[in-house]
Amino acid sequence: MAVVVQKYGGSSVATLEKIKAVASKISKRREKGDKVVVVVSAMGDTTDSLINMANSLNTNPDKRELDMLISTGEQVSISLMSMALQNEGCESVSLTGMQAGIQTKGFHSKARIEDIDLTNLKNHLSEDKVVVVAGFQGVNNNGDITTLGRGGSDTTAVALAAKLDCDCEIYTDVDGIYTVDPRLFPTARKLKSICYEEMLEMASLGAGVMETRSVEIAQKYGVKVYVALNTGEWEGTYIKESDNTMESKAITGLSLSDKDLMVTIDNVRYDIQNISYIFNELASKDINIDMISQTAPAGGHVSLSFTAPKTDEKIILDILENVEKKIGNINVEIEKDITKLSVVGIGMRSQSGVAAKVFDILARNNIQFKQVTTSEIRISYTIDTKDRQRALEAVANEFNL
Ligand code: ADP
Ligand code: ASP
Ligand code: MG
């Protein structure tokens with residue numbers, strides 16, 4: 001008898017009909033003798049609607065109150081799912097993040113799971129119930145409800161699987177992980193498997209099918225993750241340790257992200273203390289900086305550019321306003337119409353020339369880029385958003401993705 005964690009995302013529980021269908025699938029799995037922990041997201045676009053409601057009352061809602069609000073979406077889903085399971089004759093219980101022992105630390109709206117106290121959950125499992133846990137939420141040291149960042153139900157599911165030492169199945173509206181988001185590039189290929197490192201890069205660079213932190217946890221604790229269609233039809237994709245067969249191609253996948261903006265700070269007096277001060281101030285507020293570039297010093301000054309999440313725009317501007325008081329006159333410019341295009345593959349470790357080939361493709365298609373960064377297994381380019389589809393198609397076609 002195996003324990004398994006199954007996660008159903010917002011589109012899989014968007015209507016009562018869908019909840020019924022998922023409940024029937026879960027109940028069949030339990031009849032086979034498995035112990036099932038189910039993690040669910042809020043129904044459909046509920047989280048977006050709740051955020052819109054908050055913003056229409058207050059342009060800068062308090063993050064504690066916002067977490068209190070948006071965590072309710074999952075509470076609706078767990079109770080409905082549990083009722084649907086009971087209707088199938090399947091014993092079940094719903095648990096909020098707090099009741100499931102999910103302890104978090106860090107900032108509201110991007111809290112991290114610190115530990116999970118499984119006592120309550122295990123008691124219910126031992127009574128042979130399906131345990132339905134609210135994704136995306138936990139509780140911090142102050143006893144306040146926190147959320148884990150958008151898409152955070154994946155993180156809840158993988159963290160529970162890590163703690164329970166079992167496999168994790170992610171059911172969604174796509175039948176596996178593709179080389180490129182199939183909504184953007186319909187001829188993309190489905191991958192049988194992808195290694196943690198590649199999935200981590202793909203996710204952090206825009207492949208929203210898995211939330212980044214969930215992949216980090218899967219890699220750290222060696223959780224085997226299976227991503228498949230919510231109806232259970234067709235074979236999905238395994239996320240696991242790399243093996244020799246995975247390195248034959250230089251590029252495994254391509255991700256696009258429109259989630260970042262580019263900040264350029266001109267007129268920074270060229271002094272490492274200043275530059276370190278700027279990035280430390282941003283880090284102290286948990287701003288996730290990705291691409292950084294700096295011009296050569298001219299007249300004792302440099303210009304710095306970096307990318308960061310669009311959702312952090314306000315806080316970045318506040319931080320830089322304070323920075324200016326300390327390091328003197330600077331000029332801050334924000335560009336929002338940028339897209340990050342990244343190619344990812346562990347094959348890049350042993351095969352060279354990928355960056356050159358992408359430069360060539362961009363040049364032939366007359367697509368300008370603003371920044372490039374590389375790691376051992378990925379190369380990212382920032383381009384104008386107007387060029388995103390052209391760039392994606394050109395690169396995906398030439399690499400046979
Ligand atoms: P859920 O609500 O189940 O969490 P998401 O919308 O978060 O679902 O994730 C599923 C979506 O991820 C798919 O509809 C697909 O468009 C998108 N996606 C992005 N990149 C990829 C990829 N490389 N492979 C598969 N799906 C991807
Ligand atoms: N409901 C949350 C969101 O929309 C969490 C999730 O779906 O994973 O971001
Ligand atoms: Mg998701």
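Note that ligands are numbered from 1 as they come in the structure, with each ligand's atoms numbered from 1 the same way.
Considering only residues two or more places apart in sequence or on other chains, Asn142 meets the side chain to side chain contact (heavy atoms under 4.5 Å, CB included) condition with Asn140, Asp144.
For a threshold of 3.5 Å applied to N or O pairs, the pair formed by Thr172 and ligand 1 contains at least one separation below that value. Not one N or O of Met202 is nearer than 3.5 Å to an N or O of ligand 1, by distance alone. Polar contact with ligand 1: present for Tyr178 (N/O pair, distance under 3.5 Å). Ligand 1 has a nitrogen or oxygen under 3.5 angstrom from a nitrogen or oxygen of Asp181.
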Please tabulate, for the side chains in residues 227-236, all donor-acceptor contacts under 3.5 angstrom to protein atoms that are two or more places apart in sequence or on a different chain.
| from | atom 1 | to | atom 2 | distance (Å) |
| --- | --- | --- | --- | --- |
| Asn230 | ND2 | Ser12 | OG | 2.9 |
| Asn230 | ND2 | Thr172 | O | 3.2 |
| Thr231 | OG1 | Glu233 | N | 3.2 |
| Thr231 | OG1 | Glu233 | OE1 | 2.8 |

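Protein heavy atom in closest approach to atom 3 (C) of ligand 2: Arg150 NE, 3.3 Å. Protein heavy atom in closest approach to atom 7 (O) of ligand 2: Ser41 OG, 3.3 Å.
Residue contacts with ligand 2, taken as heavy atom pairs separated by less than 4.0 Å, involve Glu74 solely via side-chain atoms from C-beta onward.
Between Phe185 and Tyr178, the ring center distance fails the sub-6.0 Å criterion.
Residue Asp173 approaches ligand 1 through these ligand atoms, each under 4.0 Å from one of its heavy atoms: 10 (C), 11 (C), 13 (C), 14 (O).
Heavy atoms of Ser255 stay at 4.0 angstrom or farther from ligand 1.
A salt bridge does not link Arg64 with Asp67: none of the charged nitrogens is closer than 4.0 Å to a carboxylate oxygen.
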